[in-house]
There are 2 protein chains.
Amino acid sequence: MAYRKTPAEIRRLEAARERLVACATAVVADVGWSQASVTAVADSAGIAAGSVYQHFPSKAALAVEVFRRAAGREVDVLGDVLSGPGDPVERLARGIEVFARRALENRGLAYALLAAPAEPAVGAERLDFRRRYRALFAEVVREGMAAGLLPAQDGEITAAALTGAIGEVLVDPLGAPEEDATGALLAELTAMALRCAGAPAASA
Amino acid sequence: MAYRKTPAEIRRLEAARERLVACATAVVADVGWSQASVTAVADSAGIAAGSVYQHFPSKAALAVEVFRRAAGREVDVLGDVLSGPGDPVERLARGIEVFARRALENRGLAYALLAAPAEPAVGAERLDFRRRYRALFAEVVREGMAAGLLPAQDGEITAAALTGAIGEVLVDPLGAPEEDATGALLAELTAMALRCAGAPAASA
DNA sequence: GGAAACTCTGAATGATGCTTCACTTCTTCC
DNA sequence: GGAAGAAGTGAAGCATCATTCAGAGTTTCC
């Protein structure tokens, strides 16, 4: 045994991998999946294109990792809010607001996660991601119905609608960024979401 | 002048172009934009790949034409329903149902129009298409508010939400086709849309 | 210092798929 | 029938990238 990675070396490699994922995420948020070539990503991380393959077996694998990390963070945050304190309607309102606020604060990434054209492997991840979002919303809607706060409805459909509606509302402002209107947009969006779920007016 | 196209020849060429667009639409509805290569489209129309360029200057131009035709039909149909007879809430309900029913009857095409990964030129058309959908819905919502049937709200946001919600609800069933549940799905979707716009329950 | 094992590099390779073009086939008109 | 001109063909050309690989540079350990 003439060579064995020292802990420091292992840490260095892991850091390089993390840096690669972080830089790739930034590139994707900036220019979208289709423009994020291996060369562009490698350049932004300050390494050669070939070095990407030291960390990932293919471009698709890197893309999936980028998507999973970013999407996972969002699902975790939303899950925390939706299962936090408060009655179901309050939690739903807060969840919508948190989801939308985070998306508006990092529009490029939100667009990449929600809607940007992507290779099939990422598309499959996106479907799963949306399914998880829907499951979270559907659960709160069900709790709202059980608590008598929301009318009878198919929670899955309402949840799908909420996911799609938020995505659609958020995607368009991507083109014309109006920083000022964020507050009004969030208020309208939340009100719309509560109506969509059938919550009585002026509940939040 | 030794050659001039006869009317019959002109008709034949136009028919060939129409056939090409129709076949391309079918291919796109079947396999999606990314799999619809020039060769595949030409094959399905029974012509050589090179002949496509007799009718369109590029693949992107053909794709845009395919999108515009199909999307235009949908916008026209929805526009007719939304501006037809009945009070605004009734029209909205009927519009949602027509939109959704047509999408469910041709899921492949609906997916291609609403969500499937596509080249940038088609993506730009899609944005415009969604804007037109939103404008139609927003107008009905505004009429509903003016008639005192709907509560005060930002019609554009509700319209965006309706577009996104329908798309999201429809895209998922694409994977698991359950023909039987169409009626229930439409009923739930319409109910959700009316709640979303703030229409009183049991209004349709 | 030096051998062994590993990481990194970046130009070459290879695959995919749009587009072109020299050629063939068809249509028009005298 | 035949010349002129257009449409149709499909294989070659070309561009774009992901991926590979032979060699250079590093790290480890005796």
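Order of the sequence lines fixes the chain letters, A, B, ..., with proteins taken first and strands second; residue numbering starts at 1 for each chain.
Rounded to whole Å, the distance from CG on L20(B) to P on dG8(D) is 11 Å. Atom pair I10(A):CD1 and dT27(D):C1' shows a separation of 13 Å (rounding to whole Å applied). Taking atom CZ of F56(A) as the reference point, atom P of dT19(D) lies 13 Å away to the nearest angstrom. Atom CG of L62(A) is separated from atom P of dT19(D) by 10 Å (rounded to the nearest Å). What separates CD of Q35(A) from P of dA18(D) is a distance of 11 Å, to the nearest Å.
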Go through it in stages, so that I can follow the logic: the residues are L113(B) and F67(B), the test is side-chain contact (heavy atoms from CB on, under 4.5 Å), and I'd like the CA-CA distance, side-chain angles, deciding distance and then a yes or no. CA-CA 7 Å; L113(B) 293 181; F67(B) 190 96; 3.8 Å; yes
Within the sub-3.5 Å range, which N or O atoms of nucleotides 21-23 of chain D have a protein N or O partner, and how far apart are they?
none

Expected rows: protein N/O vs nucleotides 5-8 of chain C N/O, under 3.5 Å:
| from | atom 1 | to | atom 2 | distance (Å) |
| --- | --- | --- | --- | --- |
| dT7(C) | OP1 | K5(A) | NZ | 3.2 |
| dC8(C) | OP1 | R12(A) | NH1 | 3.3 |

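For the atom pair OG1 of T25(B) and CG of D30(B), the computed distance is 12.0 Å after rounding to the nearest 0.5 Å. Distance CZ/R142(A) to CZ/F137(A): 13.5 Å, rounded to 0.5 Å.
Listed for the S51(B) side chain is no donor-acceptor partner under 3.5 Å among the backbone atoms of I47(B).
Proximity of T6(A) to the phosphate of dT28(D): a side-chain N or O atom is located under 4.0 Å from OP1 or OP2.
Side-chain N/O atoms of Q153(B) and R195(A) include a donor and acceptor closer than 3.5 Å. Checked by atom type, the side-chain pair R11(A)/T6(A) shows no donor-acceptor distance below 3.5 Å.
Closest contact between the side chain of Y53(A) and the listed nucleotides dC18(C), dA18(D), dT19(C) involves dA18(D).
Residue V52(A) is the one, among V52(A) and K59(B), whose nearest nucleotide of DNA chain C lies closer to the 5' end (criterion: closest heavy atom).
When L194(A), L162(A), L186(A) are each tested for a side chain to side chain contact (heavy atoms under 4.5 Å, CB included) with I96(A), only one passes: L162(A). Exactly one of E125(A), E18(A), E74(A) qualifies for a salt bridge (charged side-chain N to carboxylate O under 4.0 Å, His left out) with R69(A). That residue is E18(A).
Annotation: side chain of E156(B) is not in contact with side chain of E188(A) (no heavy-atom distance under 4.5 Å).
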